[in-house]
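One structure is given below, encoded as structure tokens.
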Amino acid sequence: MRASLVQIDVNERESAPERRARIGELVRSLRGSDLVVLPELWPLGGFAYESWQAGAEPLDGPTADVMSAAARDAGVWLHAGSIVERDPDGPLCNTSLLFAPDGELHAVYRKIHRFGFDSGEAALMAAGEELCVVDTPFGRMGLATCYDLRFPELFRAMLDRGAELFVVPAAWPARRTAHWSLLARARAVEEQALVFACNNAGTHGGVEQAGRSVVVDPWGDVLGEAGTGEEVLTVEFAPAVVARTREEFPVLRDRQKW
């Protein structure tokens, strides 16, 4: 199967509506891919805190409308990254959207671990409370977002729900690029799973993004890695590699649960 990770240059020169329209057309151009993944908070910017209140949207808002249509037109499974979600009855959330090839919203994940140490996202957004593991043609897919990557217990909990691959959109800063690459490989090796980690490029809120979107197989081998600018990283992958790896090297059988 074929996955395309769209590493988006998020910058202040382009408005959110302009960026939505541009990325919608880019997704349509990826017909022939089976899975397309976008990064975290790409409509507004993961560190553009001042724009979040005004730019927040509901689950059926403008980003969902454009992405649903793009997924349907391209005939792809589309992980549309995440949006700043405005819940009419609650606070803002960092919310990921997964669309099926017919354009239907297949899954929603609200980011559990908020970054900022009592400021930024941690102060402005509510934490999600529910794991998200869903069936797809690629196997059981677990959803996580950016800072979640630092918390192996989250991935192990998704593994216990049958996860075979993980999709991780991010707005990971350039100054911690080494951590990004290391943690994506670590989660793949620990869970003997495929990891599709899609990061932003560009600079927003004064924070330069790392880029380096990456796809990692269950052995920790990198199937493909992007550079630091805007690009589409396309890789071929075999979903069966997960079951094969777990059978050939059955380390997960030796887990001790405390």
Side-chain angles (χ1 to χ4, degrees), residues 3-30 36-57 61-67 70-71 78-86 92-99 109-111 114-116 119-122 124-125 143-149 167-177 179-181 184 196-215 225-234:
S4 293
L5 279 59
V6 183
Q7 185 166 281
I8 300 173
D9 183 349
V10 178
N11 63 72
E12 298 170 356
R13 299 186 300 276
E14 183 178 46
S15 70
E18 290 171 333
R19 190 175 300 119
R20 287 188 194 101
R22 179 171 69 85
I23 299 305
E25 290 307 308
L26 200 160
V27 170
R28 288 181 175 88
S29 76
L30 295 173
V36 176
V37 184
L38 308 184
E40 179 187 24
L41 297 178
W42 59 271
L44 300 177
F47 288 86
Y49 306 135
E50 72 288 345
S51 68
W52 286 1
Q53 282 290 346
E57 53 187 302
T63 298
D65 286 347
V66 173
M67 293 299 105
L78 173 63
H79 188 305
S82 71
I83 62 170
V84 179
E85 180 195 0
R86 184 185 303 284
L92 303 180
C93 290
N94 187 339
T95 302
S96 293
L97 309 175
L98 176 67
F99 293 94
Y109 168 68
R110 294 178 177 89
K111 186 177 180 182
R114 299 159 300 158
F115 181 71
S119 65
E121 181 185 26
L124 297 173
M125 289 183 169
L143 304 188
T145 305
C146 199
Y147 191 46
D148 283 335
L149 200 58
V167 178
V168 187
W172 200 281
R175 59 180 174 270
R176 290 185 289 277
T177 301
H179 293 187
W180 164 255
S181 301
F196 301 83
C198 184
N199 199 22
N200 280 306
T203 298
H204 40 91
V207 179
E208 181 185 358
Q209 300 294 283
R212 299 293 181 187
S213 298
V214 65
V215 179
E225 184 178 24
T228 57
E230 179 163 304
E231 66 175 281
V232 177
L233 171 67
T234 298

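When a residue number appears, it is its place in the shown sequence, counting from 1.
In this model, no donor atom of one side chain and acceptor atom of the other lie less than 3.5 Å apart for Tyr147 and Asn94.
Of the possible polar contacts, none joining the Glu40 side chain to the Ser82 backbone as a donor-acceptor pair under 3.5 Å is found. Distance alone, capped at 3.5 Å, places no donor-acceptor pair between the Thr145 side chain and the Pro169 backbone. A distance-only check finds no donor-acceptor pair linking the side chain of Asp9 to the backbone of Glu230 [under 3.5 Å]. Side chain of Gln209 to backbone of Asn200: no donor-acceptor contact under 3.5 angstrom is found. Side chain of Glu57 to backbone of Ile83: no donor-acceptor contact under 3.5 angstrom is found. Side chain of Trp180 to main chain of Ala210: no donor-acceptor pair is present (N/O by atom type, distance under 3.5 Å, no hydrogens or angles). In this structure, Glu121 contributes its side chain and Arg114 its backbone to no donor-acceptor pair below 3.5 Å. Using a distance-only test at 3.5 Å, with no hydrogens or angles considered, no donor-acceptor pair links the side chain of Arg212 to the main chain of Thr177. The backbone N or O of Gln7 sits nowhere less than 3.5 Å from a side-chain atom of Glu231 that would complete a donor-acceptor pair. Of the possible donor and acceptor atoms, one in the side chain of Arg19 sits under 3.5 Å from a partner among the backbone N and O of Asn11.
Below 30°, between 30° and 60°, or above 60°: for Phe47 and Tyr49 the angle between ring planes is between 30° and 60°, a tilted geometry.
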Inset, instruction - Assess whether side-chain contact (heavy atoms from CB on, under 4.5 Å) is satisfied between Val215 and Leu5, documenting all intermediate values. - result: CA-CA 9 Å; Val215 179; Leu5 279 59; 4.0 Å; yes
Inset, instruction - Test Val167 against Tyr109 for side-chain contact (heavy atoms from CB on, under 4.5 Å), laying out the working first. - result: CA-CA 11 Å; Val167 178; Tyr109 168 68; over 6 Å; no
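Taking 4.5 Å as the limit, some side-chain heavy atom of Trp52 sits within range of a side-chain heavy atom of Leu41. For the pair Val84 and Met125, the minimum side-chain heavy-atom distance is below 4.5 Å.
Between Glu14 and Arg22 the shortest heavy-atom distance is OE2-NE, 2.7 Å. Ser181 and Glu225 make their closest contact through OG-OE2, 3.8 Å (heavy atoms, listed as atom of the first residue, atom of the second, distance). When all heavy atoms of Phe99 and Ala71 are compared, the closest pair comes out as CB-CB, 4.0 Å. Shortest non-hydrogen contact noted between Glu12 and Gly205 is OE2-N, 4.0 Å. Closest approach of His204 and Ala171 over heavy atoms only: CE1-CB, 4.2 Å. Of all heavy-atom pairs spanning Cys146 and Trp172, the tightest one is O-CZ3, 3.5 Å.
One finds the CZ atom of Arg86 at 5.5 Å from the CG atom of Leu92 (value rounded to the nearest 0.5 Å). Taking CG of Leu124 as the start and SG of Cys93 as the end, the distance is 12.0 Å to the nearest 0.5 Å. Residue Leu233 holds its CG atom at 6.5 Å from OG of Ser213, rounded to the nearest 0.5 Å. With values rounded to the nearest 0.5 angstrom, Arg110 atom CZ is found 5.0 Å from Thr95 atom OG1.
Listed by chain and number, the residues in a ring-ring contact (aromatic ring centres under 6.0 Å, His included) with Trp42 amount to none (sequence neighbours excluded).
Applying the side chain to side chain contact (heavy atoms under 4.5 Å, CB included) test between His79 and each of Leu97, Leu38, Val6, Val37 identifies Val37 as the sole match.
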